[in-house]
2 protein chains.
Amino acid sequence: MTSLELNKLIHEPSRLKIIVQLYAVERTDFLYLKRQLGLTWGNLSVHLSKLEKAGYIEIKKSIVNKKTHTSVHLTSSGRITFEEYRKSLKRVLGET
Amino acid sequence: MTSLELNKLIHEPSRLKIIVQLYAVERTDFLYLKRQLGLTWGNLSVHLSKLEKAGYIEIKKSIVNKKTHTSVHLTSSGRITFEEYRKSLKRVLGET
DNA sequence: ATAGGAGCTTTATACTATAAAGCTTTGAAA
DNA sequence: TTTCAAAGCTTTATAGTATAAAGCTCCTAT
């Protein structure tokens with residue numbers, strides 16, 4: 001049963017989608033994620049903070065055209081953790 | 001994004017495992033699920049109630065050897081909903 | 001100067017999962 | 001024969017989490 005544990009931080013739908021996106025493109029920004037996933041500012045902000053705190057993503061802030069610009073990328077820890085999550089998920093789903 | 005919605009009732013890890021189990025065997029009992037998934041009485045009880053309320057499973061109580069015996073089976077609605085959930089999940093995971 | 005919007009963050013509320021306590025029946029021992 | 005423990009749950013309380021609302025800062029246009 002231990003091998004069937006699903007990382008809850010990643011399992012949450014919005015965060016799962018964030019990670020999947022980052023897994024594909026390596027780096028993206030706040031606004032793109034917001035539009036892509038249809039989240040509110042607050043919601044996305046909180047999710048990103050949690051993922052950052054866990055060390056799964058890195059958040060970089062810069063100034064572009066005099067506006068703050070937040071870009072996000074998956075850390076190798078995040079990448080590996082996601083791959084493990086996927087394996088667990090497959091085990092949970094089994095032969096179905 | 002609508003097609004990427006994950007049924008939260010099914011997405012919750014314990015309930016997902018319950019459904020996967022039922023999907024495989026069609027009918028099982030309370031104690032088996034409890035041992036198989038390593039849940040407490042209370043926890044399993046609550047999860048089953050929610051799944052029942054949603055119409056995904058049917059709970060039947062009977063007396064076996066003078067003891068109450070709770071058996072559970074997946075309704076066709078539950079089966080179909082799970083299959084849809086699986087499809088959504090695949091779409092969310094995409095090419096990863 | 002100030003009004004409005006972009007780009008977030010922080011706080012509050014409402015929901016949900018887990019754990020603890022309780023309930024009922026049976027069976028065995030004192 | 002009453003009482004003690006255990007099986008088999010259910011209900012209630014607590015603690016954690018997600019979403020929504022309000023707030024903050026910087027910029028640009030008027």
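Residue numbering restarts at 1 for every chain, and letters A, B, ... go by the order of the sequence lines.
- Comparing Thr70(A) and Gly42(B) against DNA chain C, the residue whose closest nucleotide sits nearer the 5' end is Thr70(A).
- Linking Ile, Leu, Val, Met, Phe, Trp and Tyr residues whenever their side-chain heavy atoms come within less than 4.5 Å places Ile10(A) and Ile59(A) in a single cluster.
- Taking atom CH2 of Trp41(B) as the reference point, atom P of dT25(C) lies 17 Å away to the nearest angstrom.
- The separation between Phe30(A) atom CZ and dT9(C) atom C1' is 9 Å, rounded to whole Å.
- Residues Tyr85(B) and Ile19(B) are not in side-chain contact: their nearest non-hydrogen atoms beyond the backbone lie 4.5 Å or more apart.
- Comparing Thr68(B) and Lys8(A), the nucleotide of DNA chain D nearest to each residue sits closer to the 5' end for Thr68(B).
- A donor-acceptor pair is defined here as one N or O able to donate and one able to accept, closer than 3.5 Å; no such pair exists between the side chain of Ser45(A) and the backbone of Trp41(A).
- To the nearest angstrom, P of dT18(C) lies 12 Å from CG of Leu37(B).
- Residue Leu33(B) contributes atom CG, which lies 11 Å from atom P of dC9(D) at whole-angstrom precision.
- Taking atom CZ of Arg35(B) as the reference point, atom C1' of dG8(D) lies 11 Å away to the nearest angstrom.
- In this structure, Glu12(B) atom CD and dT16(C) atom P are separated by 11 Å, rounded to whole Å.
- Atom pair Ile10(A):CD1 and dA18(D):P shows a separation of 13 Å (rounding to whole Å applied).
- At whole-Å resolution of the value, NE2 in His11(B) and P in dA18(D) are 11 Å apart.
- Side-chain atoms of Asn7(A) and His11(A) form no donor-acceptor pair, as typed in the model, at a separation below 3.5 Å.
- Using a cutoff of 4.0 Å between basic side-chain nitrogens and carboxylate oxygens, Arg79(B) and Glu26(B) are scored as salt-bridged.
- Using a 4.0 Å heavy-atom distance criterion, Leu31(B) is classed as a sugar-phosphate-only contact.
- Lys60(B) has its side chain within reach of Arg27(B): a pair of non-hydrogen atoms, C-beta onward, lies under 4.5 Å apart.
- Side-chain contact between Phe30(B) and Ser71(B) is absent, with no heavy atoms from C-beta onward closer than 4.5 Å.
- Using a 4.0 Å cutoff on non-hydrogen atoms, the parts of residues 43-67 of chain B near DNA chain C are Asn43(B), Val46(B), His47(B), Lys50(B), Lys66(B), ordered by number.
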